[in-house]
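In what follows, a structure is listed as structure tokens, so that the remarks can point back to it.
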Amino acid sequence: MHPTGRDGGKELAFLDDLARSTSRRRFLQWSGLAIAVTAVGCGDNTGPGGGGNGGTVNLGTGDTAILNYAYALEQLEAAFYVKVVSAFYTGSTPAEQAILTDIRDHEVIHREFFKAALGTKAIAALTVDFTSIDFTKRASVLGAAKTFEDLGVSAYNGAGKLIVNPDYLVAAGKIVSVEARHAAAIRDLLAPKTASFAGDDVVDATGLDVVNPPSTVLDSSHAGAYVTTSINASGIPTA
């Protein structure tokens with residue numbers, strides 16, 4: 001499947017078929033994934049000099065660039081949660097482990113969806129660096145998860161208006177709604193039974209969520225802080 005207007009329905013059908021007929025477990029089996037080695041170029045690529053692509057990737061242009069942008073973010077999130085679930089932080093409860101495992105599975109599905117949709121136009125696996133995160137400590141892991149989820153929601157919000165193909169926009173809308181559920185769940189783990197799940201820092205007075213453009217999301221203070229592969233995003237539309 002290639003990201004062209006003519007074939008846009010194929011990518012949407014892929015996601016619809018996945019939702020209608022395939023459980024998460026069956027999808028992971030169908031796609032040939034094994035959770036222990038789930039990330040293609042992401043699972044162990046933590047830290048400088050890790051595997052994957054430590055050079056430069058070009059996202060392409062137009063809708064292809066936007067899909068690759070989303071794919072890059074899903075690679076980052078999937079790699080993070082794969083590492084979290086491989087060795088849960090000290091004191092994690094069964095309920096927390098279940099939530100984090102579900103989120104891991106969702107992010108892997110999102111990553112593989114974009115990889116399949118892009119086909120030969122997909123960027124290479126990215127190299128990530130999580131050395132700033134202490135995976136043994138609850139506050140560090142959940143704090144990082146909050147950062148990734150809030151950033152992911154804002155990224156989809158910012159990229160949506162740039163998508164030309166309406167089928168891609170529908171697919172992105174389905175995915176961002178799941179990312180928002182993740183963000184709310186993580187926020188509730190950090191501050192149970194409070195308004196933090198939809199706090200004023202992410203939802204404004206009009207009831208709308210934060211919007212961040214690709215240039216902000218990919219900079220060194222956000223996603224760029226965890227990705228050592230250089231990303232050329234010059235082909236992403238700006239309006």
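This one's a predicted model, so the numbers in the text were calculated from it and none came from an experiment.
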Counting N and O atoms only, with roles assigned by atom type, does the side chain of Arg111 sit under 3.5 Å from a partner on the main chain of Ala78, one being a donor and the other an acceptor?
no
Heavy-atom side-chain proximity of Lys115 to Glu74 below 4.5 angstrom
no
Whether Glu179 side chain and Gly152 backbone form a donor-acceptor pair below 3.5 Å:
no
When every non-hydrogen atom of Asn68 is compared with those of Ala122, the smallest separation belongs to OD1-CA, 3.5 Å
Salt-bridged, Asp188 to Lys193, with N to O below 4.0 Å?
no
Linking I/L/V/M/F/W/Y whenever any side-chain heavy atoms sit under 4.5 Å apart, do Val170 and Val178 land together?
no
Any heavy-atom pair between the side chains of Val128 and Phe130 that's under 4.5 Å?
yes
Could you tell me if the side chain of Val217 sits less than 4.5 Å from the side chain of Leu151, heavy atoms only?
yes
Verdict with supporting geometry, Phe113 and Tyr71, ring-ring contact (aromatic ring centres under 6.0 Å, His included)
CA-CA 9 Å; Phe113 164 69; Tyr71 178 40; over 10 Å; no
Between Leu59 and Thr64, is there a side-chain heavy-atom distance shorter than 4.5 Å?
no
Is Thr147 reaching over with its side chain to a backbone N or O of Gly143, donor-acceptor style, under 3.5 angstrom?
yes
Ignoring hydrogens, what is the shortest heavy-atom contact between Leu218 and Ala233? Give both atom names and the distance.
CD1-CB, 3.7 Å
Thr228 (side chain) donor-acceptor with Thr127 (main chain) under 3.5 angstrom:
yes
Gap separating the CG atom of Asp209 from the CG atom of Asp150, nearest 0.5 angstrom:
7.5 Å
Rounded to the nearest 0.5 angstrom, the NZ-CG distance for Lys137 and Leu142 is 14.0 Å
Judged by atom type as modelled, is there a donor-acceptor pair below 3.5 Å linking the side chain of Asp102 to the main-chain atoms of Asp105?
no
What about Tyr81 and Phe148, are their ring centers closer than 6.0 Å?
no
Are side-chain heavy atoms of Leu126 and Val57 found at a separation under 4.5 Å?
yes
Ser140 side-chain N/O to Asp134 backbone N/O, donor-acceptor pair under 3.5 Å
yes
Correct closest heavy-atom pair for Ser196 and Arg187 would be O-NH1, 2.8 Å
Is there a donor-acceptor pair under 3.5 Å between the side chain of Asn157 and the backbone N or O of Val210?
yes
Kindly compute the distance separating CZ (Phe114) from CD1 (Ile66), expressed to the nearest 0.5 Å.
10.5 Å
Under a 4.0 Å N-O cut-off, is there an ion pair linking Glu96 with Arg138?
yes
Do we see a donor-acceptor contact under 3.5 Å between the side chains of His182 and Glu107?
yes
Could you check if a side-chain atom of Ile186 sits within less than 4.5 angstrom of a side-chain atom of Ile103, using non-hydrogen atoms only?
yes
Grab the two heavy atoms, one from Val85 and one from Leu100, that are nearest each other, plus how far apart they are.
CG2-O, 3.8 Å
Does NZ or CZ of Lys83 lie under 6.0 Å from the centre of the six-membered ring of Phe135, at an angle within 45° of the ring axis?
yes
Using the rule given for side-chain contact (heavy atoms from CB on, under 4.5 Å), can you reason through Val203 versus Leu208, listing the C-alpha separation, both sets of side-chain angles and the distance that settles it, and then say yes or no?
CA-CA 5 Å; Val203 180; Leu208 299 179; over 6 Å; no
Flag side-chain contact, heavy atom, 4.5 Å: Phe88 against Thr101
yes
Can you tell me if Asp200 has over 12 outside heavy atoms packed within less than 6.0 Å of its CG?
no
Considering all heavy atoms of both residues, which atom of Gly60 and which atom of Ala65 are nearest to each other, and what is their separation?
O-CB, 3.3 Å
Can you get from Val176 to Val202 by hopping between Ile, Leu, Val, Met, Phe, Trp and Tyr side chains that sit under 4.5 Å apart?
no
Pairwise side-chain contact, Leu73 with His110, heavy-atom cut-off 4.5 Å (strictly under):
no
Indicate yes or no for a side-chain donor-acceptor contact from Asn212 to the backbone of Thr216 under 3.5 Å, with no hydrogens or angles considered.
no
Is Ile99 linked to Val153 within one hydrophobic cluster, defined over Ile, Leu, Val, Met, Phe, Trp and Tyr using a side-chain heavy-atom separation of less than 4.5 Å?
yes
Tyr69 reachable from Val211 in the ILVMFWY side-chain graph, under 4.5 Å edges:
no
Testing the basics here: between Pro237 and Leu162, what is the closest heavy-atom pair and its distance to 0.1 Å?
O-CD1, 3.2 Å
Between Asp63 and Asn165, is there a donor-acceptor pair closer than 3.5 Å when you use the side chain of the first and the backbone of the second?
yes
Has Asn232 got a side-chain atom pairing as donor or acceptor with Asn58's backbone, closer than 3.5 angstrom?
no
